[in-house]
Amino acid sequence: MTPQQLVGVGVRLFAIWLALTSVSYFTLIPETVRAASGGGTTAALAIGGAYLVAAVCLWFFPMVVAHTLIPRTRHENRLSLNTHELARVGASLIGLWLLARSLQTIVWFIFRLFLYTEAGASFSSMAPEAKLDVAVAVFEVLFAVFLIVKSSAFANLLVPETKAKSGAESDL
């Protein structure tokens, strides 16, 4: 694996983070429509759309970024890292980070549930934006658990696992 390929894997992981971040901009639209006269909706859509476009570009062209960041080296300049294992570690780290970040909203909801249980159903008393935040947080928790538990399957999506070649074939 060359240094450029290592950066390419990192760029793809960053693209996943951008795509997940864009979701929050698309879910803020109901709140901005109510709070603003329409200008906030356009801004939220534009920001979310820009994040998604950047994520798609980075996902499909990671090596363009890698060759821009790291000058091209000779083909013999290789790092002794297994690309698939590195992608598994990256997927697990993103899953752990996403789990830690989204658990804040879930804990807030549980706290609110215990705080307002005497007054009636707490979920029905929540504002629509808060319900949407909880739904997004539950999706993020489920996706984070998937990334952590099935990191190998997700790594296959990033970098297909290659089988070890014999000595003469590995130099090709």
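Computed from a prediction, not measured in an experiment: that's the story for all the values here.
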Q.
With side-chain contact (heavy atoms from CB on, under 4.5 Å) as the criterion, how do L147 and I16 come out once you've worked through the C-alpha distance, each side chain's angles and the decisive distance to 0.1 Å?
A. CA-CA 11 Å; L147 282 177; I16 293 167; 5.5 Å; no

Q: Quick one: do F61 and V11 satisfy side-chain contact (heavy atoms from CB on, under 4.5 Å)? Show the steps, please.
A: CA-CA 9 Å; F61 304 109; V11 167; over 6 Å; no

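Here the closest heavy-atom approach between residue G8 and residue A66 is recorded as N-CB, 4.0 Å. The shortest heavy-atom contact between A87 and A155 is CB-CB, 3.7 Å. Residues G90 and L13 approach most closely at CA-CD1, 3.7 Å, considering heavy atoms.
Residues F143 and F14 share a hydrophobic cluster, clusters being chains of Ile/Leu/Val/Met/Phe/Trp/Tyr side chains in contact below 4.5 Å. Cluster membership for V89 and W97, using ILVMFWY side-chain heavy atoms within less than 4.5 angstrom, is not shared. Transitive grouping of hydrophobic side chains (ILVMFWY, heavy atoms separated by less than 4.5 Å) brings F60 and V64 into a common cluster. Under a hydrophobic-cluster definition in which Ile, Leu, Val, Met, Phe, Trp and Tyr are linked whenever side-chain heavy atoms come within less than 4.5 Å, directly or via other members, L157 and L20 are assigned to the same cluster. Following chains of ILVMFWY side-chain contacts shorter than 4.5 Å, one cannot reach F139 starting from F26, and the two form parts of different hydrophobic clusters.
We find the OG-CG distance between S22 and L52 to be 3.5 Å, quoted to the nearest 0.5 Å. With rounding to the nearest 0.5 angstrom, the CG atom of L93 is 12.5 Å from the CG atom of L98. Of the inter-residue distances, the one linking S102 atom OG with L142 atom CG reads 9.0 Å to the nearest 0.5 angstrom. Here CG of N156 is found 10.0 Å from OG of S151. Values are rounded to the nearest 0.5 Å. Taken from CD1 in I94 to CH2 in W17, the straight-line distance is 10.5 Å, to the nearest 0.5 Å. With values rounded to the nearest 0.5 angstrom, I148 atom CD1 is found 12.0 Å from F154 atom CZ.
One N or O on the side chain of R12 and one on the backbone of W59 form a donor-acceptor pair closer than 3.5 Å.
The neighbour count for F146 CZ, taken as heavy atoms of other residues, nucleotides or ligands under 6.0 Å away, is above 12.
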